[in-house]
Structures are given as C-alpha cells and as structure tokens.
Amino acid sequence: MNSHANLYTQFTHHFPTDRSRIVIETPTGKAWSYGELEKQTARFAKLLTDLGVEKGERLAVLVEKSPEALFLYLACLRAGIIYLPLNTAYQLPEIDYFFSDAEP
C-alpha cells in the first residue's frame, strides 16, 4: 500500500474481496454492502466536485449521525475535501463560531 495514499484509499485496501458483504446495518435492518458504500461515496464525491468543492477545501455540514453522514465523510476523504461535521443541536452562535474559525 502506498503510504502517501489518501485515507479513503488506505481504508479500501482493507475491504474484503467480496464487495457484497455487509459493512453497515442499522437497528431497523437497513444494510449496505462494501460495494454499495463504494458507489455511494463515489456518487457523493462527484456531486461535491461538480458543485465546485475543490481538494483541500473545508466542507461544513449540519448532519445527524447516520450511514449517509458516514458516506458523505468518506466521500470527502475520497475527494480530498476536509469534512467539518456540525452537531444539529448547535445554536446559531456556535455555528457562527465554526464558520468564522474554520472558514469552510
């Protein structure tokens, strides 16, 4: 494995050969395979770059904990975008602080 590969690439080196194996399953029984994870992260990464988010830029997101939030995080890693998750319980002054400090 290339020690200079981005974190997403290093992560995928540990995926099983059988991409149909389940990687995430919610308490409600919704499940995603490694292959689906790869497709979702590729889709999200393309969407972000199509929207003009460039490698090295910061992306702030107000997001609940969910598989989709994980996919977005991994998509950012995949595209070289810095992921800044913000808790949905934050109040406007806290959000303003993160926006002014991190400059997403």
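- By the 4.5 Å heavy-atom criterion applied to side chains, I24 and F71 are counted as neighbours.
- The CZ atom of R78 lies 8.0 Å from the OG1 atom of T12; values are rounded to the nearest 0.5 Å.
- The minimum heavy-atom distance linking A75 with T41 is given by the pair CB-O, 3.4 Å.
- Contact between A31 and I22 at its shortest, heavy atoms only, is CB-CD1, 3.8 Å.
- Both L48 and L70 belong to a single network of hydrophobic side chains, linked directly or stepwise wherever heavy atoms of I, L, V, M, F, W or Y lie under 4.5 Å apart.
- V53 and L47 fall into different hydrophobic clusters, where Ile, Leu, Val, Met, Phe, Trp and Tyr residues are linked whenever their side-chain heavy atoms come under 4.5 Å apart, directly or through other members.
- I82 and L59 end up in different hydrophobic clusters when Ile, Leu, Val, Met, Phe, Trp and Tyr side chains are linked at under 4.5 Å.
- Using a 4.0 Å cut-off between charged nitrogen and carboxylate oxygen, E25 and K30 do not count as a salt-bridge pair.
- Between F98 and Y90, the ring-plane angle classifies as parallel under the 30° and 60° cut-offs.
- At least one side-chain heavy atom of D96 sits under 4.5 Å from a side-chain heavy atom of L92.
- Contact of the V61 side chain with the L72 side chain is registered, since non-hydrogen atoms from C-beta on lie closer than 4.5 Å.
- For the atom pair NZ of K39 and OG of S33, the computed distance is 7.0 Å after rounding to the nearest 0.5 Å.
- Taking a 6.0 Å sphere around OH of Y97, one finds it holds 12 or fewer heavy atoms contributed by other residues, nucleotides or ligands.
- To the nearest 0.5 Å, the span separating CG on D50 from CZ on R43 amounts to 12.0 Å.
- Using a 4.5 Å cut-off between side-chain heavy atoms of Ile, Leu, Val, Met, Phe, Trp and Tyr, with links allowed through other members, V23 and L77 fall into the same hydrophobic cluster.
- Y73 OH: 12 or fewer foreign heavy atoms inside a 6.0 Å radius.
- Annotation for R21 and P16: closest pair NH1-CB, 3.3 Å, computed over non-hydrogen atoms.
- The heavy-atom pair separating I81 from E57 by the smallest distance is CG2-O, 3.4 Å.
- Taking the side chain as every heavy atom from C-beta outward, F44 and L74 never approach each other to under 4.5 Å.
- Between Y83 and R58, the closest side-chain pair of non-hydrogen atoms is not below 4.5 Å.
- In this structure, E36 CD and E38 CD are separated by 11.0 Å, a value rounded to the nearest 0.5 Å.
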